[in-house]
**Q** 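Dumping the structure here so I can ask a few things about it.
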Amino acid sequence: MALKVYNSYTRQKEVFESITPGHVGMYVCGPTVSGESHLGHARPYITFDVLFRYLRYKGYKVRYVRNITDAGHFEEEGRAAEDKVGKKALLEKLEPMELVQKYTNLFHWAFSQFNCLEPSIEPTATGHIVEQIDMIKKIIAEGYAYEVKGSVYFDVKKYATQYDYGKLSGRIIDDLLSATRELDGQQEKRDPADFALWKSAAPEHIMRWSSPWGVGFPGWHIECSAMATKYLGAEFDIHGGGMDLQFPHHESEIAQSTICNHISPVRYWMHNNMITINGKKMGKSYNNVIKLTEMFTGDHPLLTQAFSPMTIRFFILQSHYRSPLDFSSEALVASEKAFKRLWEAYSILKEFKPDETGENVTDVLLEGKVLNWLEEFDDFMDDDLSTPKVIANMFELAPIINSLKDGLIPITSLTTSTIKLMQEKFEVFMEDIFGLENENKTGNETLKGVMKLLLDIRKDAKNKKDFATSDKIRNQLLDIGVLLKDEKDGGMNWTI
RNA sequence: GGUCCUUUGGCCGAGUGGCUAGGCAAAGCUCUGCAAAAGCUUCUACAGCGGUUCGAAUCCGCUAGGGACCUCCA
């Protein structure tokens with residue numbers, strides 16, 4: 001089956017066909033490193049990490065470009081231009097690049113916790129000022145930008161006469177052009193809908209570069225256009241990002257690149273929906289953010305406990321990326337338990353020795369069901385990354401795995417090849433595609449030795465019906481977070 | 001105000017007109033020294049009203065609630 005993705009540009013699911021067979025160019029808008037990443041940021045980077053992993057699974061060679069926005073851009077056109085990064089740096093008495101480095105490191109750390117693969121290229125805006133200036137020059141030469149007092153603006157009105165500005169975001173150009181904004185400096189622009197390509201820098205502005213139009217800094221939208229063009233070409237396959245970036249950011253990217261390269265830059269625009277908290281989007285402007293470090297430690301009034309990176313990753317995968325996802329501690333707790341149960345079943349599955357069974361099916365019905373659920377893994381992913389459905393199927397299989405282990409279902413019910421397929425599919429989807437990983441810290445050899453000793457003592461106690469000792473060991477271990485489970489055959493299991 | 005989206009059982013969330021989504025919680029049972037885990041079973045919902053249809057959570061309309069974007073935002 002062919003992969004289908006929802007293209008925001010055409011507003012429908014389309015069969016994915018890459019421009020260059022076997023290769024995919026993918027660009028995702030990265031973080032602005034002027035602050036700490038919060039829960040909302042986890043969604044796009046995990047979503048597109050799964051897409052990246054799935055494309056590779058499908059056999060594509062993928063160049064995944066995700067930028068770092070480290071050049072502060074103005075907060076609002078026309079208003080006194082403020083360099084976000086520069087401004088905060090003053091307050092914290094740090095060099096701008098020191099701050100950028102700090103938050104970039106933190107970002108990298110958080111997303112490695114999420115087991116996100118590193119992008120193929122992670123370009124920084126400050127490292128591509130030259131490319132951005134070149135691109136602006138080209139746009140001016142093409143006649144779609146004009147300079148005013150050291151700033152350069154894109155001429156949206158002119159662009160709209162030939163191209164469909166507003167198509168991606170469903171904007172009506174006349175509304176945009178007639179929109180009136182009571183902002184200072186608005187007079188500079190020929191039309192309120194015009195956006196800045198280059199802003200002249202006020203003297204107090206720390207981040208500044210020389211340009212043909214004077215000292216200043218690049219507009220926000222131009223960095224993505226410049227870097228995407230440089231590393232992926234004039235036309236590339238996938239551009240991803242949060243829905244809130246559709247307008248004006250992505251709309252403007254299309255305009256800039258189209259004028260510069262004479263071709264619409266992106267084949268498939270993909271946008272993830274927002275994470276909400278009490279029904280409201282999580283965002284700086286709403287003052288309702290929960291930072292990732294707070295999620296990991298549980299140190300936030302809205303959190304009843306700490307939540308591990310894998311719990312959060314699983315929580316995000318349990319909903320479809322284009323649906324809004326409402327955060328609550330309760331929902332995270334549910335995901336934590338669900339993930340634990342699923343991973344446990346997966347671990348059990350890994351231990352199966354399929355050779356014990358044969359090629360003679362003793363339960364045709366079950367065999368058929370299992371095979372069907374497994375086949376659907378791929379179908380569901382092909383259908384615009386329906387991760388929740390894949391997970392639902394995994395949960396259909398979990399009781400079967402557990403029953404096979406406990407002997408409630410004879411192992412001979414399924415053929416060798418089915419067991420092997422199940423093992424293979426679970427491994428590929430859980431680990432390679434979903435990027436989930438074991439969080440148990442049971443790998444330490446010393447700890448293992450100590451635990452073996454404790455279990456031996458407890459087994460002896462149990463055999464002597466010394467339940468006081470047996471329970472003491474179990475309860476005290478539970479107090480420090482080690483869960484003991486007795487098994488049917490008298491064995492014992494433990495997890496942290 | 002404009003554009004668009006959304007409203008599913010106690011909670012979270014899939015849902016392509018006809019077939020049990022799934023998870024968490026809760027209850028009962030089985031297993032068990034007791035637990036835990038596991039297994040089985042129960043709880044069967046689609047905001048309201050009207051329409052289309054043999055048949056609608058799914059399509060259309062109206063009403064009500066919620067949200068996103070229009071300004072930095074993933």
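In what follows, every chain begins at residue 1, and chains take the letters A, B, ... in the order their sequences are listed.
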**Q** Go along nucleotides 1-18 of chain B 5' to 3' and tag each nucleotide: B for a protein heavy atom under 4.0 Å from its base, S when only backbone or sugar atoms are that close, - otherwise.
**A** -SS--------SSS----

**Q** Between B:rG17 and B:rU6, how far is it from one P atom to the other, in whole Å?
**A** 15 Å

**Q** Please report the distance separating the C1' of B:rC54 from the corresponding atom of B:rG22, rounded so that it comes out in whole Å.
**A** 31 Å

**Q** Pairing donors with acceptors under 3.5 angstrom, does anything connect the side chains of A:Tyr64 and A:Asp49?
**A** no

**Q** Would one find a side-chain N or O of A:Tyr286 under 4.0 angstrom from OP1 or OP2 of B:rA74?
**A** no

**Q** Can you measure A:Met274 atom CE to B:rA68 atom P for me and round it to whole angstrom units?
**A** 10 Å

**Q** Classify the side chain of A:Asp486 versus the base of B:rA35 as yes if they form a donor-acceptor pair under 3.5 Å and no if they do not.
**A** yes

**Q** At under 4.0 Å between heavy atoms, what does A:Met394 touch on the DNA or RNA strands: base, sugar-phosphate, or nothing?
**A** nothing

**Q** Given the structure, check if the side chain of A:Arg474 and the base of B:rA35 hold any donor-acceptor pair shorter than 3.5 Å.
**A** yes

**Q** OP1 or OP2 of B:rA25 less than 4.0 angstrom from a side-chain nitrogen or oxygen of A:Lys337, does that happen here?
**A** yes

**Q** Specify the separation, in whole Å, of atom CZ of A:Arg341 and atom C1' of B:rA36.
**A** 14 Å

**Q** Write down the distance separating the C1' atoms in B:rG66 and B:rU30, rounded off to the nearest Å.
**A** 45 Å

**Q** Would you indicate what A:Gly283 reaches in the nucleic acid, counting non-hydrogen atoms under 4.0 angstrom: base, sugar-phosphate, or nothing?
**A** nothing

**Q** In whole Å, what separates the C1' atom of B:rC11 from that of B:rU16?
**A** 27 Å

**Q** What is the nucleic acid contact for A:Glu396, judged by heavy atoms within less than 4.0 Å: base, sugar-phosphate only, or nothing?
**A** sugar-phosphate

**Q** Rounded to whole angstroms, how far apart are CZ on A:Phe195 and P on B:rC69?
**A** 20 Å

**Q** Strictly by Watson-Crick or wobble contacts shorter than 3.5 Å, is anything paired with B:rC59, and which nucleotide is it?
**A** B:rG51

**Q** Report the distance from atom CE of A:Met243 to atom P of B:rC69, rounded to the nearest whole Å.
**A** 11 Å

**Q** Would you mind reading off the distance between A:Asn493 atom CG and B:rU32 atom C1', rounded to a whole angstrom?
**A** 16 Å

**Q** When the distance from CZ of A:Phe395 to P of B:rC24 is rounded to whole Å, what number comes out?
**A** 6 Å

**Q** Considering only atom C1', compute the distance from B:rC43 to B:rA37 and round it to an integer number of Å.
**A** 23 Å

**Q** Which is true for A:Lys280 with a 4.0 Å heavy-atom rule: it touches a base, it touches only sugar-phosphate, or it touches nothing?
**A** sugar-phosphate

**Q** Indicate, with a heavy-atom threshold strictly under 4.0 Å, whether A:Leu483 touches base, sugar-phosphate, or nothing.
**A** sugar-phosphate

**Q** Would you call A:Glu439 and A:Arg313 a salt bridge, taking side-chain N to carboxylate O under 4.0 Å as the test?
**A** no

**Q** Do the side chains of A:Ile254 and A:Tyr163 get nearer than 4.5 Å, heavy atoms only?
**A** no

**Q** Between A:Lys464 and A:Asp460, is the closest basic N to carboxylate O distance under 4.0 Å?
**A** no

**Q** Could you work out which one of B:rG33, B:rG23, B:rA21 sits closest to the side chain of A:Lys462?
**A** B:rG33

**Q** Considering only atom C1', compute the distance from B:rG9 to B:rC4 and round it to an integer number of Å.
**A** 29 Å

**Q** Taking atom P in both B:rA57 and B:rG50, compute the distance separating them and give it to the nearest angstrom.
**A** 14 Å

**Q** Using a 4.5 Å cut-off on heavy atoms from C-beta on, say whether the side chain of A:Asp194 contacts that of A:Asp155.
**A** yes

**Q** How about A:Tyr103 and A:Asp70: does a side-chain donor come under 3.5 Å of a side-chain acceptor?
**A** no

**Q** Tell me the interatomic distance from A:Asp406, atom CG, to B:rG39, atom C1', rounded to whole angstroms.
**A** 7 Å

**Q** On RNA chain B, check which nucleotide each of A:Phe467 and A:Gly30 is closest to and give me the residue with the more 5' one.
**A** A:Phe467

**Q** Among the candidates B:rA37, B:rC24, B:rA74, find the nucleotide nearest to the side-chain atoms of A:Lys485.
**A** B:rA37

**Q** Taking A:Asp486 first and then A:Arg458, would you say they form a salt bridge - that is, a charged N and a carboxylate O separated by under 4.0 Å?
**A** yes

**Q** If you measure from the P atom in B:rA36 to the same atom in B:rA74, how many Å do you get, rounded?
**A** 45 Å

**Q** If you check the A:Asn402 side chain, which of B:rA74, B:rC69, B:rA38 turns out closest?
**A** B:rA38

**Q** For B:rC40, which nucleotide is its Watson-Crick or G-U wobble mate, given both distances must be under 3.5 Å?
**A** B:rG28

**Q** What about A:Asp471: does its side chain form a donor-acceptor pair under 3.5 Å with the base of B:rG33?
**A** yes

**Q** Could you let me know what B:rA45 is paired to, Watson-Crick or G-U wobble, both distances under 3.5 Å, or none if it's on its own?
**A** none

**Q** When the aromatic ring centroids of A:Phe107 and A:Tyr45 are compared, is their separation below 6.0 Å?
**A** yes

**Q** Using a 4.0 Å heavy-atom cut-off across all strands, classify A:Ala392 as base, sugar-phosphate, or nothing.
**A** base

**Q** Taking atom P of B:rA38 as reference, at what distance in whole Å does atom CD of A:Glu344 sit?
**A** 8 Å

**Q** Identify the nucleotide, in any strand shown, that forms a Watson-Crick or G-U wobble pair with B:rA64, with both distances under 3.5 Å; if there is none, say none.
**A** B:rU7

